[in-house]
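Down below is the structure, laid out as structure tokens.
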Amino acid sequence: MARKAAGKPPEEILLDWKREQASLKARVVDQDTEAWQLDPAFSGLQRVGGVDVSFVKDDSGSACASLVVLNYPELEVLYEDCRMVTLTAPYVSGFLAFREVSFLVDAVQRLQEREPCLMPQVLFVDGNGVLHHRGFGVACHLGVLTDLPCIGVAKKLLQVDGLENNALHKEKIQLLKAGGDSFPLMGGSGTVLGRALRSHDHSTKPLYVSVGHKISLEAAVRLTHSCCKFRVPEPVRQADIRSRDYIRRTQEVQGAPEPQSGRSKEAQRPKACPQGVSEEPAAFYIHCPGVEEPRPTPPTPSPRGLPHLPRWPPTLKHRRPLRLHFLAEEQVVGRECL
DNA sequence: GCGACAG
DNA sequence: ATCTTGTCGC
């Protein structure tokens, strides 16, 4: 029987975790380290990644960890890795990384082994970076363990170091008028811990962006904005969509018969294996943009009439597209890396 | 007892 | 995080 992830860890464990965070925190780099980060148009940036962990409804021990890689600035999915995992640690605010980060590191390592040329140049992480109780959120943790530039993107304000989601904060949100507008989140010591960002014109609720690793806050905010087709940056959004989609179809194998009928033929992703048997990732997928769409069902529901597509990209100029030539079945035909 | 609470 | 349909707006 697998160990469960329930209850709060004893104080002794929390002390261990705090020591671990303090130790790794010394290795965080909160500045730009890559040339593309300094460029106004991010020229040189070709691949952005996103990670997420989704949970199974009635099983607090099971989850799906996913890593996706998108090209930039097109934001088409090039790579997807979804894998069912067994959670050991419970969720404790301030210690999210100890619940999720090891599975995310595993995914990055699989990518390094199988398709190193698709390694993203930056990772968007669902959660905070230095905007954290001890200045070391999951985005920092993953960044230090993988040595990849990481950006923390939280959907809710973590109320630490004097930060409060109070009336004053809400007033500032009201002042964010257009996509890209943001204001600083200052901690008690006067340090800027992150920024509240209106991620696009039609989004009221801001994102909370903070440095994870190897990127400045300014570049992190600017890049986050440029990766938002919708409120949540596309890499994280795709990781989220695909991991829950994976769970959904895993669950429906034993449940109700699939409503989807008709022509389900070629170019499928590897079939989902409900009772994880092998050591292989449950899903591993490389997509060649422009050749075919992986999913016939559009993620955007359009009841009637045409959906209003947000203008995108808003201002960035089109740069030389990275051309990857893949066949559907994991076989690499050719590529242009770097 | 009450408030806080990234995912 | 997850449970969930319709509904309102452009």
Side-chain angles (χ1 to χ4, degrees), chain A residues 5-9 14 17 21 50-66 84-104 123-143 150-166 169 179 185 187 193-197 200-212 220 224 230-233 236-237 239-248 250-251 255 300-312:
Chain A
K8 187 178 175 180
L14 291 180
W17 286 356
Q21 288 177 330
V51 292
D52 189 43
V53 178
S54 294
F55 299 84
V56 177
K57 188 184 106 172
D58 283 322
D59 183 355
S60 63
S62 300
C64 177
S66 68
M84 292 304 300
V85 298
T86 300
L87 300 169
T88 297
Y91 169 68
V92 182
S93 179
F95 301 95
L96 175 62
F98 293 93
R99 178 166 167 83
E100 302 187 345
V101 84
S102 65
F103 307 111
L104 304 179
L123 269 181
F124 287 89
V125 182
D126 211 336
N128 292 293
V130 300
L131 173 44
H132 179 266
H133 303 66
R134 289 161 295 279
F136 193 73
V138 63
C140 299
H141 208 130
L142 182 60
C150 284
I151 299 173
V153 180
K155 294 180 285 295
K156 294 187 248 184
L157 176 63
L158 183 56
Q159 304 188 138
V160 295
D161 197 16
L163 292 171
E164 281 184 295
N165 185 18
N166 53 21
H169 180 79
L185 302 165
L193 301 177
R195 290 193 144 255
L197 168 71
H200 70 93
D201 291 345
H202 299 294
S203 178
T204 299
K205 197 174 173 180
L207 295 177
Y208 298 95
V209 179
S210 59
V211 170
T224 300
F230 303 98
R231 178 178 173 242
V232 174
V236 169
R237 183 170 164 268
D240 179 68
I241 288 174
R242 288 158 192 265
S243 59
R244 351 176 14 156
D245 215 43
Y246 184 78
I247 288 176
R248 184 184 53 73
T250 292
Q251 297 291 299
T300 317
S302 52
R304 62 194 66 138
L306 297 175
H308 280 214
L309 295 178
R311 299 175 292 102
W312 175 87

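Only heavy atoms go into these numbers, but all of them, side chains included; no hydrogens, no water, no symmetry mates. So you know, we letter chains A, B, ... as the sequences are listed, proteins then strands, and number each from 1.
- In the set B:dA6, C:dA1, C:dC3, C:dA1 carries the atom at the smallest distance from any side-chain atom of A:Lys155.
- Counting any heavy atom pair closer than 4.0 Å across all strands shown, A:Gly94 reaches a base atom.
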**Request:** Walk me through it: do A:Arg231 and A:Lys155 pass the test side chain to side chain contact (heavy atoms under 4.5 Å, CB included)?
**Result:** CA-CA 9 Å; A:Arg231 178 178 173 242; A:Lys155 294 180 285 295; 3.9 Å; yes
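- Going from atom NZ of A:Lys8 over to atom C1' of B:dC5 covers 11 Å, rounded to whole Å.
- Taken to the nearest 0.5 Å, the CG atom of A:Asp245 stands 10.0 Å off from the CG atom of A:Asp240.
- The aromatic ring of A:Tyr91 does not sit over the base of C:dA1, since the test of centres under 5.5 Å and planes under 30° is not met.
- By the 30° and 60° cut-offs, the orientation of the rings of A:His141 relative to A:Phe136 is tilted.
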**Request:** Show the numbers, then the answer: is there a side chain to side chain contact (heavy atoms under 4.5 Å, CB included) between A:Leu158 and A:Leu163?
**Result:** CA-CA 8 Å; A:Leu158 183 56; A:Leu163 292 171; over 6 Å; no
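- One atom, CG of A:Asn128, and another, P of B:dA6, lie 9 Å apart when rounded to the nearest Å.
- Note on A:Phe98: nothing from the nucleic acid sits closer than 4.0 angstrom, heavy atoms only.
- Look at CZ on A:Phe55: it is 10 Å from C1' on C:dT2, rounded to the nearest Å.
- Spacing of C1' atoms, B:dC5 relative to C:dT2, comes out at 15 Å, to the nearest Å.
- Taken from CG in A:Leu14 to CZ in A:Phe95, the straight-line distance is 5.0 Å, to the nearest 0.5 Å.
- Only the C1' atoms considered, B:dG1 is 38 Å distant from C:dG6, to the nearest whole Å.
- Among the pairs that DNA chain B forms, none builds a region of at least three successive Watson-Crick or G-U pairs under 3.5 Å.
- Look at NZ on A:Lys205: it is 12 Å from C1' on B:dA6, rounded to the nearest Å.
- Across the protein-nucleic acid pair, A:Asn166 atom CG and B:dC5 atom P stand 12 Å apart, rounded to whole Å.
- Between the OH atom of A:Tyr208 and the C1' atom of B:dG7 there is a distance of 16 Å, given to the nearest Å.
- One interatomic measurement links the two molecules: CG of A:Asp245 to C1' of C:dT2, which rounds to 16 Å at whole-angstrom precision.
- When each of B:dG7, B:dA4, B:dA6 is scored by its nearest atom to the side-chain atoms of A:Val138, the top-ranked nucleotide is B:dA6.
- Distance, A:Glu164 CD to B:dC5 C1': 14 Å, rounded to whole Å.
- With rounding to the nearest 0.5 Å, the separation of CG in A:Leu207 from CZ in A:Arg195 is 13.5 Å.
- Taking every side-chain heavy atom of A:Arg244 into account, C:dT2 is the closest of C:dT2, B:dG7, B:dC5.
- A:Leu123 CG to A:Leu104 CG: the interatomic distance, rounded to the nearest 0.5 Å, is 9.0 Å.
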